Every structure is written in C-alpha cells, then in structure tokens.
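Fair warning: this is a prediction, and the values are worked out from it, not measured in the lab. Just so it is clear: chains get the letters A, B, ... in the order the sequence lines come, proteins before strands, and each one is counted from 1.
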Amino acid sequence: MTLQVYNSYSRQKEVFEPITPGLVGMYVCGPTVSGESHLGHARPYITFDVVYRYLQHLGYKVRYVRNITDAGHFEEEGREAVDKISTKAVLEKLEPMELVTKYTNLFRWAMKQFNNLEPSIEPTATGHIVEQIEMIKTIMTEGYAYEANGSVYFDVKKYAANYPYGKLSGRVMDDMLETTRDLDGQEEKRNKADFALWKAAPPNHIMRWASPWGEGFPGWHIECSAMSSKYLGSEFDIHGGGMDLQFPHHESEIAQSTICHHGKLMARYWLHNNMITINGKKMGKSYNNVIKLTELFSGNHPMLEKAYHPMTIRFAILQTQYRSTFDFSNEALQAAERGLKRLWEAYEALGKLMEPETAQPAADAELDGRVRKLMAEFDAFMNDDFNTAKVLANMFELVPIINGLKDKHVPMSDLGPGTLGLLQQKMALWLETIFGLKMATEADNALFGGVMELLIGLRKEARSKKDFATSDRIRNGLGALGIQLKDEKDGGVSWGV
RNA sequence: GGUACCGUGGCCGAGUGAUUAGGCAGAGCUCUGCAAAAGCUCGUACAGCGGUUUGAAUCCGCUCGGUACCUCCA
C-alpha cells in the first residue's frame, strides 16, 4: 500500500517516491502579508499541514518550507506598477516593515489556532533579495531575460521555444502570444506573456533595493524559485499551493528554475488545493466576499450567524477532499461543528474503556471484523491522494460502536483480543497526530474539575432524595454557563462545555 | 473569446461500471424523574436528452446551468 498523489503537472495520480529515499522536500506558497488572512487561506495551510503530518507518519524526514511574501507585487500589471504593500503602508501611515510584521504575526497566530505545525523553514522574500538578484543574473546570462529601463523581464517566447511553457496550467503558448497585439502600455516587454523578474522602483516607491539594474524590487515569482532551490535544492519532491496559483505563478516559477538549473524540473509533484467558495463564488478580495479569520473566530461579520471554533473549520476542511471546492455556509459549518462534537465525545469515551482481563475470542466476529476493517481502511483512503473525507466517514461508522460499548449495549466481549486497544491507538493517532485535531477542554484543569465533581456530587445526592428542584437548579445553572450535564446509563454523569 | 473543471437526496459532501458512503437537519421508537446525550429505524439522490454496455451517478455525444484560470489572488 503506497501513497499516491494527484500530480497537477501530469494530470494523474502517481505513486509517491521521494528523490532521496526517506527524505522529502516540500515547498508550499505562503501568504502575501499585505493584509489579514481570510478563510480562503485556511485551506492550503490546513491541507498541507495534514500532508506534512502524514508524510512524517509514514516515516519520512520532511523539510517543509513555506514562505512569507512580504515584498510588493504588482497590483495590476498592464496599468501602473504599484507595490501593493507600499500603497497600503501609505494609507495606514506605517512603515512597510511594520505593516508586514503585523500581518505576519497575525497569520502565525491564526496558524496556531488551527493547530498547524510550524514549517521547518519560513523564509521571507525581503530576507532573500540577494538570492533573487543572483538568480535573475543567471537567467540573463543564460539569455532568457532582458533589461528595459531598469526592469528585467523573462523572455517567455524564447523559453517556450525550448521548454514546455504552459504544461502545468494547460495553456497554449500561441494563444497567449496572440493577445499581444491589442495590448498597450507594455512597451517594455517584448511579448505580453513576458513577466517581470525585477521592477524598477518609481521615485515614490518605498520598498526598494539596489541591484545591477538600478533601485527596484523583485518580481512576484522569483522569490519562490530562489528560496525553494536554496533550501530544498534544484530538484525537490513536492510543490504545493492553491489552484489559483497554477498560472501564472507556478508556471513562471518552473520557467525561472528550469533555466537556472539547466533543464531540471524544479519539483516532481505539484499539488494544488481547490478553493473555498461562498455562495458558489471564490472567496477573494476582488469579489468583496472575504471573511477574515479573526471575524470567523469571533462571529463578527454580517454573514456569520455565530462564531466558529478554529477546529470546526479544520474539521470542515478535512471533510472535503482537498481537490474539491468547499462551499462555505453557516449551515455547513454548523453541521461540521455538531459532527465534530459527536465524534470527539465518542473519542474521549473510547479512551476510558478497558479491555476485559481475560482474552476471549470475539463473541461477535462480524462486528470485530468490521471494526478492524474500518480502521485498516484509514491508511488506504489516505494513501489515495489524502482522502481525509473518507477516513472521517469511517470514523463516524465507528462512533455508534464506541458509544454502544460505553453504554454497554454492546458487550466488550463482542470484540476480539486487542481490538479495543488498537481502536484506541488508531483513533488517537489519526485524530490528533495526523489530522491535528485538538479540543481544549476544561476537564484538563484539575481545579475546575474538582469543582465540577463537587457540584455533580451534590446533584446526585439531591436526585437520590428525589429533590429534583435542587438537581435541576444545578443542571440548569450550569447550562446557563454553557456547561452541559449528561446522565449516563450506568448512573455516572459526564459534562462538557 | 480561449483553456480547464464541475452539476449527487433540505444543506455540506464521498464516490469513475454492478456496494447502504458519511455528516448535519427532519420523522418515529428505546433508555430516562425530566432534559440532554446516546442507541435503533426511516430518505433509494446523482442537471436534461440520447448513446455504449448484461449493467452507468460513474464511459461517449449533445443541451442547459455554474465555477475557476487567462490580471493580484490560497
């Protein structure tokens, strides 16, 4: 059973084989920190966090590089070249670096809320200007870039004559060149399809660095080529990012890196997550339909009926295969919230179950077999291009069995020796280690737990005296505080927030 | 306009030739002082029209509808 991934480059599922056995290099395009992260950003970083975790689970030593884009891009190519970050900085009267730091910190905070592991390296574009300039120089030396008025452009037409430009994004070069004719304001470029490697900075531009071509700033795509090869080598295993980055960003990265590394394809496997949509439309600044992560967590947005816990979002994203769109709605998130609660409560109950002392063959061999099969399929589903949705579906099939064991509808003896232990181990592994789900509970707090024990004891006493007025007062009072008491079948009481 | 992709029960979503996906919501029942939770049972869906096939949500064609990329974008 081997891992298969859908490679956007070949448009098919392929067996995953790292270039160096045992080691995996993975580069994922990070955020542009010129503004606050929104729900759309949650998808790639949760998706690739699970990929990262799963690869490690498979025993690979993974170097996970995710950049922070903190140097400006062009607002709208074809019009005036505007550095996105410097424009915003003027509006907010902030230093560019101050702005970038603010949003970088906010981004990292959000990643922590989602319980995403930190990447091995999180390089910034501004920290790698030297490497980018070096790379541009190499491309010029190789004859695939030209200078015009202090800017440097990549010669796409020349590149396309020798290499398959457009293969990743399924673009036909001739079509792209044809649109050249009726385009204006692009005098500097030889062809419309050319893209900037270096942009001369206009006088009022705040972010600027000295270069062989004068003061300016790097083009959008060069940072990822420079940083990925610096930390992962000229050929590495996985390159990930959102589907919207396929063109032009990833296509251009490939072109730059191919020239610098003499024809080597920079990454073997190109993984692209699909978009999060809202009312069927991609969430994005240009659509004016973004929900920022801070708004999502606080519920402070006209479109939101309530606040959503980061784990609810993580769970909802994992319930969808990463290559499908996920259509956001309050209903969808609330469904995820309840589903996660049920799953997690079963998981916690599972941890408290004990296997019988004496090992006996399964009294219900069919059930025992089903439990084992459902668990075994976790790996198979995940190996099929990270189908987290199917793994979760299987977990939900285990929930009634676990709850049955807890309530003693299902006698423990129905399961064969070792099955319960395996189930406990597998659920912990998958839910927490691989899927990265984590539920902070007040039960972890010893002091609070003690207080709860006391209240539950008092209520129990009242109930035994049929003093339901008091028992209901305790339960309702706690309920008003958001703590729910549940009377269990065996006379015990459980509670949750 | 070009290039891809998608259209699954009230909602979200798996699924690429024959299986009940799964979740949420809804209905009934059981347990229970009541409640909540839990358990059991219930929906036979796959845009439309043709075709291929013993058999199609799944393959092919057409129609309709939608989305994404072609410009910054996760």
Side-chain angles (χ1 to χ4, degrees), chain A residues 11 28-32 34-35 37-48 69 72-79 82 84 166 169-172 174-176 178-179 192-193 220 240-249 251 272-277 280-287 290 315-316 319-321 323-343 345-346 349 381 387-397 399-404 406-410 463 466-468 471-472 475-476 479 484-489 494-496:
Chain A
R11 286 155 201 276
V28 174
C29 287
T32 302
S34 60
S37 306
H38 62 259
L39 176 58
H41 292 103
R43 175 91 111 136
Y45 307 125
I46 289 172
T47 297
F48 288 105
T69 298
H73 290 167
F74 316 123
E75 192 74 63
E76 271 194 30
E77 212 167 7
R79 293 196 203 164
V82 177
K84 209 196 263 180
S169 53
R171 234 139 280 251
V172 181
D174 292 339
D175 295 349
M176 302 185 60
E178 268 178 35
T179 44
K192 194 260 174 183
W220 174 33
M243 257 179 191
D244 51 351
L245 296 180
Q246 260 183 33
F247 191 89
H249 187 54
E251 201 71 69
H272 290 101
N273 63 277
N274 214 135
M275 301 292 99
I276 288 183
T277 58
K281 277 251 193 299
K282 174 186 166 183
M283 190 174 288
K285 275 176 210 155
S286 31
Y287 298 101
V290 296
F315 180 76
Q319 262 193 316
T320 310
Q321 214 276 341
R323 285 193 294 117
S324 301
T325 53
F326 169 60
D327 199 37
F328 166 86
S329 66
N330 281 285
E331 215 174 351
L333 280 195
Q334 279 165 35
E337 185 176 81
R338 291 184 187 150
L340 174 59
K341 185 163 186 274
R342 192 162 85 93
L343 179 62
E345 283 176 0
F381 292 152
N387 200 329
T388 53
K390 290 196 84 169
V391 175
L392 287 173
N394 270 26
M395 287 185 180
F396 274 109
E397 292 203 49
V399 165
I401 300 170
I402 293 168
N403 285 330
K406 184 188 79 172
D407 293 344
K408 314 216 163 39
H409 293 146
V410 181
R463 285 183 73 204
K466 300 233 185 289
D467 178 7
F468 296 123
S471 76
D472 285 353
R475 188 175 64 197
N476 294 339
Q484 190 183 45
L485 290 189
K486 288 180 265 187
D487 296 328
E488 303 290 338
K489 296 273 187 280
S494 70
W495 59 276

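- Between A:Thr32 and B:C72, a side-chain N or O to OP1/OP2 separation shorter than 4.0 Å is absent.
- Side-chain contact between A:Lys406 and A:Glu345: absent, with no pair of heavy atoms (C-beta onward) separated by less than 4.5 Å.
- For A:Cys29 against A:Leu245, the heavy-atom pair with the smallest separation is CB-CD1, 3.6 Å.
- Taking atom NE2 of A:His272 as the reference point, atom P of B:C5 lies 15 Å away to the nearest angstrom.
- Side-chain proximity of A:Phe468 to B:C12, B:A74, B:G33: nearest is B:G33.
- In this structure, A:Asp407 places its CG atom 12 Å from P of B:U32, rounding to the nearest Å.
- In this structure, the side chains of A:Thr320 and A:Asn274 stay at 4.5 Å or more apart for every pair of heavy atoms.
- Atom CD of A:Glu345 is separated from atom P of B:A36 by 15 Å (rounded to the nearest Å).
- In this structure, of B:A36, B:C72, B:G22, it is B:A36 that holds the atom nearest to the side chain of A:Gln484.
- As a whole-Å value, the separation of A:Asn476 CG from B:G33 C1' is 14 Å.
- Computed from coordinates, the A:His38 NE2 to B:A74 P distance equals 7 Å when rounded to whole Å.
- Helical stems in RNA chain B, defined as runs of 3 or more consecutive Watson-Crick or G-U wobble pairs with donor-acceptor distances under 3.5 Å: B:1-7 with B:64-70, B:10-12 with B:22-24, B:26-30 with B:38-42, B:47-51 with B:59-63.
- On the P atoms, B:A68 is 25 Å away from B:G10, given to the nearest whole Å.
- Here the closest heavy-atom approach between residue A:Leu39 and residue A:Ile276 is recorded as O-CD1, 3.6 Å.
- Here, B:G9 and B:A21 have their P atoms 13 Å apart, quoted to the whole Å.
- Between B:C72 and B:A45, the two C1' atoms lie 40 Å apart (nearest whole Å).
- Scanning for ring pair (Phe, Tyr, Trp, His ring centres under 6.0 Å) contacts around A:His249 gives A:Trp220, A:His221, with sequence neighbours left out.
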Would you tabulate the nitrogen or oxygen pairs shorter than 3.5 Å linking the protein to nucleotides 67-69 of chain B?
{"unit_1": "B:U67", "atom_1": "OP1", "unit_2": "A:Lys281", "atom_2": "NZ", "d": "2.6"}
{"unit_1": "B:A68", "atom_1": "OP1", "unit_2": "A:Lys282", "atom_2": "N", "d": "3.3"}
{"unit_1": "B:A68", "atom_1": "OP1", "unit_2": "A:Tyr287", "atom_2": "OH", "d": "3.4"}
{"unit_1": "B:C69", "atom_1": "OP1", "unit_2": "A:Lys282", "atom_2": "NZ", "d": "2.2"}
{"unit_1": "B:C69", "atom_1": "OP2", "unit_2": "A:Tyr287", "atom_2": "OH", "d": "3.2"}
{"unit_1": "B:C69", "atom_1": "O2'", "unit_2": "A:Arg171", "atom_2": "NH1", "d": "3.4"}
{"unit_1": "B:C69", "atom_1": "O2'", "unit_2": "A:Arg171", "atom_2": "NH2", "d": "3.1"}

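- Close to B:G39, at under 4.0 Å from its OP1 or OP2, lies a side-chain N or O of A:Asn403.
- Per the geometry, CD belonging to A:Glu397 stands 16 Å off C1' belonging to B:C24, to the nearest Å.
- Taking CD from A:Gln484 and NZ from A:Lys341, the interatomic distance works out to 4.5 Å, rounded to the nearest 0.5 Å.
- Contact annotation: side chain of A:Asn394 to base of B:G22, donor-acceptor pair absent below 3.5 Å.
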Anything under 3.5 Å between a protein N or O and an N or O of nucleotides 8-11 of chain B, put it in a table, one pair a line.
{"unit_1": "B:C11", "atom_1": "O2'", "unit_2": "A:Glu331", "atom_2": "OE1", "d": "3.4"}

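- B:G28 and B:G43: their C1' atoms are spaced 13 Å apart (whole Å).
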task: Apply the test side-chain contact (heavy atoms from CB on, under 4.5 Å) to residues A:Arg475 and A:Asp487: give CA-CA distance (whole Å), side-chain angles for both, the deciding distance (0.1 Å), then the verdict.
output: CA-CA 11 Å; A:Arg475 188 175 64 197; A:Asp487 296 328; 4.2 Å; yes
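- In this structure, the aromatic ring of A:Tyr45 is not positioned over the six-membered ring of the base of B:A74 within 5.5 Å between centres and 30° between planes.
- A side-chain donor-acceptor contact under 3.5 Å links A:Glu251 to the backbone of A:Ser169.
- Using C1' as the reference atom, B:U58 and B:C46 are 10 Å apart when rounded to the nearest Å.
- Considering all non-hydrogen atoms of both residues, A:Arg43 and A:Phe326 come closest at NH2-N, 3.3 Å.
- Rounded to whole angstrom, the span from the CZ atom of A:Arg323 across to the P atom of B:U16 amounts to 10 Å.
- Residues meeting the side-chain contact (heavy atoms from CB on, under 4.5 Å) test with A:Arg323, sequence neighbours left out: A:Tyr6, A:Lys13, A:Gln321, A:Asp385.
- Proximity of A:Asn387 to the phosphate of B:G15: a side-chain N or O atom is located under 4.0 Å from OP1 or OP2.
- Listed by chain and residue number, A:Phe107 satisfy the ring pair (Phe, Tyr, Trp, His ring centres under 6.0 Å) test with A:Tyr45 (two or more places apart in sequence, or in another chain).
- With a 4.5 Å cut-off on side-chain heavy atoms, A:Met243 and A:Met275 count as touching.
- Within 3.5 Å, no donor on the side chain of A:Arg11 pairs with an acceptor on the base of B:C5, nor the reverse.
- Between the side chain of A:Asp487 and the base of B:A35, a donor-acceptor pair under 3.5 Å is found.
- For the P atoms, the distance linking B:A4 with B:U16 amounts to 22 Å, nearest Å.
- Distance, A:Leu392 CG to B:A21 P: 18 Å, rounded to whole Å.
- The separation of B:U52 from B:C59, taken at their C1' atoms, amounts to 8 Å, rounded to a whole angstrom.
- Interface remark: the A:Arg342 side chain does not form any donor-acceptor pair with the B:A38 base, using a distance-only criterion of under 3.5 Å.
- Comparing B:G2 with B:G23, their C1' atoms sit 39 Å apart, to the nearest whole Å.
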